[in-house]
Amino acid sequence: MDKMKVIGGRALRGTVRTSGAKNSALKLLFASLLADGKHTFHNVPKLMDVDSSANLLESLGAKVVRNGHTVTVETRPPASFEAHYDLVRKMRASILCLGPLLAKYGQAQVSLPGGCAIGSRPINLHLDGMKAMGAEIELRGGYVHASAKRLKGANILFEFATVGGTENIMMAATLAEGVTVIENAAKEPEIVDLANYLIKMGAKIEGAGTSIIRIEGVEKLKPAEHTVIPDRIEAGTLIIAGAIAGGDVTVTDCVPEHLEALLLKLREAGYGIETSANSVRVRSTGGARCVDVTTAPHPGFPTDLQAQFMALMCVSEGVSVITETVFENRFMHVTELLRLGADVTPKSRVAVVRGRPGGLEGAPVMATDLRASASLVLAGLAARGETVVSRIYHLDRGYENLEQKLSSLGAGIERIVSDSSDDASETP
Ligand code: UD1
């Protein structure tokens, strides 16, 4: 299992490019199931989760070819409509093939994803929405068995603005009979990106990016070509890296409007932030302060940047209260940050961080999930001496070449490649 060695204390300087959005690319790949033929996607990041999606599409009869950052998916009617447990448990986003399969073929058997490190992550809202559209849903043998002659448009009010639920229902509704209205829809930029692709395929969708999305079902969709939007979470992570290590970093090829909640907090903490149409520059002017943060659905502060921001608060002046409202168990990074000398008290969904500027010291730590891994790497940039982060396969799920990107800015970071499972307690 590879590890990441970080030597802290070096200021970062320079310019770094954002890759395509993981959370958009995965959903776009699954949308290809809605129309037979050749779909072309550009700016697709090279990530393990994208490979997992390609494997799932191939198990459903598609041919997937990657050429650099362009991926073509050639879809045709599959022999079976099953998303197997072995594929789904590796990547929860696999549940997003349910809507397209059900809408196009009237049936799907998709493994239930199960729990994960950051919370129970149910899919009841996805299933309730599909039931409202006339689908028969049964849970048997760990699988969702879904069937419908043709889905029917429905009014669906989500109790929580679920990102995956909004995407699954939006895709299902494109081929349903009649009009579907999603209320309290999630407003994440990735939803807008997915809607834009579906519209290119011939879908009739209005309101994506607002809390009410209206989809008028059509008989048939056609394949199309699309460029994935920039990854706002990767961009945010690189911006926080620039902040935590001090110095002057410009993150390009991103969309600053997608990062407003983070930029607001960084300004409040005392960082110099400049934006252009597609870049963000962060400068450390010294003496950054702790600020409070509460995660919320977009346009609120993203839960996917909470762990990285906490690392920054650990080395800032004062006290910060961090509240996680999206997931119930998303403070797994805290115990590892404590190993680096941080002062954090978590209680339920609230963590109190007492900042210790210059107070972290390198240590071996273990990544527990994707964004927690990023937070430990960032904390390592600010710690004295050497931090070794193990289990970085989590990091490889969602960050393309993070170590190259950070070292190009002057960070002391290096991957320790190992093909042995040197950690007996390692779980898959
Ligand atoms: C979530 C994040 C998304 C992030 C992704 C990966 C939010 C709102 N969503 O999307 O930004 O990129 O994780 O980390 O920030 N829920 C239910 N029933 C359901 C579906 C969801 O109760 O059927 C609850 C979840 O338990 C959670 C909340 O709704 O508390 C948000 O979940 P959802 O947005 O669906 O999660 P993801 O789509 O995984």
Side-chain angles (χ1 to χ4, degrees), residues 20-28 30 45 47 49 52-53 88 91-99 110 112-132 137 139 144 146 156-172 182 184-194 209 211 213 228-237 258-259 261-262 293-309 323-333 348-349 368-375 394-395 397-399:
K22 168 180 91 76
N23 287 338
S24 202
L26 305 183
K27 322 302 170 61
L28 291 164
F30 291 129
L47 299 172
D49 273 8
S52 302
S53 309
V88 179
M91 192 191 59
R92 301 182 50 83
S94 306
I95 194 69
L96 270 298
C97 69
L98 180 62
V110 180
L112 280 164
C116 87
I118 62 175
S120 64
R121 304 184 78 173
I123 55 159
N124 58 311
L125 301 176
H126 304 222
L127 302 184
D128 289 349
M130 290 184 202
K131 279 185 205 160
I137 306 268
L139 302 183
V144 178
I156 294 165
L157 169 62
F158 281 134
E159 185 184 318
F160 190 95
T162 156
V163 175
T166 302
E167 291 164 335
N168 236 341
I169 297 298
M170 190 165 74
M171 288 193 278
I182 307 175
N184 196 22
K187 295 183 277 200
E188 270 66 2
E190 294 75 24
I191 298 210
V192 179
D193 203 31
L194 176 61
S211 57
I213 305 181
V228 179
I229 57 167
D231 195 314
R232 64 196 167 96
I233 305 302
E234 188 210 16
T237 303
H258 293 174
L259 289 156
L262 170 68
V293 161
T294 300
T295 66
H298 192 76
F301 193 95
T303 175
D304 280 352
L305 285 175
Q306 178 258 108
Q308 300 89 315
F309 199 81
T323 308
E324 171 60 56
T325 72
V326 179
F327 292 113
E328 69 270 23
N329 190 23
R330 208 167 192 184
F331 287 140
M332 304 276 282
H333 42 286
S348 181
R349 292 184 177 222
T368 48
D369 67 67
L370 169 56
R371 307 303 170 186
S373 326
S375 131
H394 290 294
L395 205 63
R397 280 189 39 225
Y399 288 94

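First listed ligand is number 1; within each ligand, the first listed atom is number 1. The chain is numbered in sequence order, starting from 1.
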A.B. asks: Do Asn168 and His126 have a side chain donor and acceptor closer than 3.5 Å?
C.D. replies: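 Yes, a side-chain donor-acceptor pair sits under 3.5 Å.
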A.B. asks: Salt bridge or not for Glu190 and Arg232, using N-O below 4.0 Å?
C.D. replies: yes
A.B. asks: Any N/O of Phe327 closer than 3.5 Å to an N/O of ligand 1?
C.D. replies: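 No, Phe327 has no N/O under 3.5 Å of an N/O on ligand 1.
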A.B. asks: What atoms of ligand 1 come closer than 4.0 angstrom to any heavy atom of Gly164?
C.D. replies: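 Contacts of ligand 1 toward Gly164, numbered from 1: 35 (O), 38 (O).
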A.B. asks: Assess whether a salt bridge exists between Asp304 and Arg330, defined as any Lys/Arg side-chain N lying under 4.0 Å from an Asp/Glu carboxylate O.
C.D. replies: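 So Asp304 pairs with Arg330 through a salt bridge.
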A.B. asks: Salt bridge or not between Lys27 and Glu167? Use side-chain N to carboxylate O under 4.0 Å.
C.D. replies: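 A salt bridge links Lys27 with Glu167.
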A.B. asks: For atom 26 (O) of ligand 1, which of Gly165, Pro122, Ala161, Gly398 has the closest heavy atom?
C.D. replies: Pro122
A.B. asks: Under 4.0 Å from ligand 1, counting heavy atoms only, is it the side chain of Val326, its backbone, both or neither?
C.D. replies: both
A.B. asks: Does Phe331 have any ring pair (Phe, Tyr, Trp, His ring centres under 6.0 Å) partners at least two apart in sequence or in another chain, and if so, which?
C.D. replies: none
A.B. asks: Output the list of atoms in ligand 1 that are nearer than 4.0 Å to some heavy atom of Asn23, sorted by atom number.
C.D. replies: 12 (O)
A.B. asks: Got an N/O contact under 3.5 Å between Arg232 and ligand 1?
C.D. replies: no
A.B. asks: Answer yes if the side chains of Gln306 and Thr295 hold a donor-acceptor pair under 3.5 Å, and no otherwise.
C.D. replies: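 No donor-acceptor contact under 3.5 Å links the two side chains.
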A.B. asks: Considering distance alone, does some N or O of Glu328 sit under 3.5 Å from an N or O of ligand 1?
C.D. replies: no
A.B. asks: Decide, yes or no, whether a salt bridge links Lys22 with Asp49 under the criterion of side-chain N to carboxylate O below 4.0 Å.
C.D. replies: yes
A.B. asks: Which is it for Leu125 and ligand 1 at heavy atoms under 4.0 Å: side chain, backbone, both or neither?
C.D. replies: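 It is both backbone and side chain that touch ligand 1.
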A.B. asks: Kindly compute the distance separating CE (Met332) from CZ (Phe327), expressed to the nearest 0.5 Å.
C.D. replies: 13.5 Å
A.B. asks: Does any N or O atom in Val163 lie less than 3.5 angstrom from one in ligand 1, N or O only?
C.D. replies: yes
A.B. asks: Against heavy atoms of Phe160, which atoms of ligand 1 measure under 4.0 Å?
C.D. replies: 28 (C), 29 (O), 31 (C)
A.B. asks: One residue to check: His126. Relative to ligand 1, which of side chain, backbone, both or neither has a non-hydrogen atom less than 4.0 Å away?
C.D. replies: both
A.B. asks: To which of Leu96, Thr295, Asp369, Asp304 does the heavy atom nearest atom 12 (O) of ligand 1 belong?
C.D. replies: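 Nearest option to atom 12 (O) of ligand 1, by heavy atoms: Asp304.
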A.B. asks: If the condition is side-chain contact (heavy atoms from CB on, under 4.5 Å), which residues does Ala374 pass it with, not counting sequence neighbours?
C.D. replies: Thr237, Gln308, Leu395, Tyr399
A.B. asks: Does an N or O from Thr303, backbone or side chain, lie closer than 3.5 Å to an N or O of ligand 1?
C.D. replies: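 In fact, backbone or side chain, Thr303 has no N or O that close.
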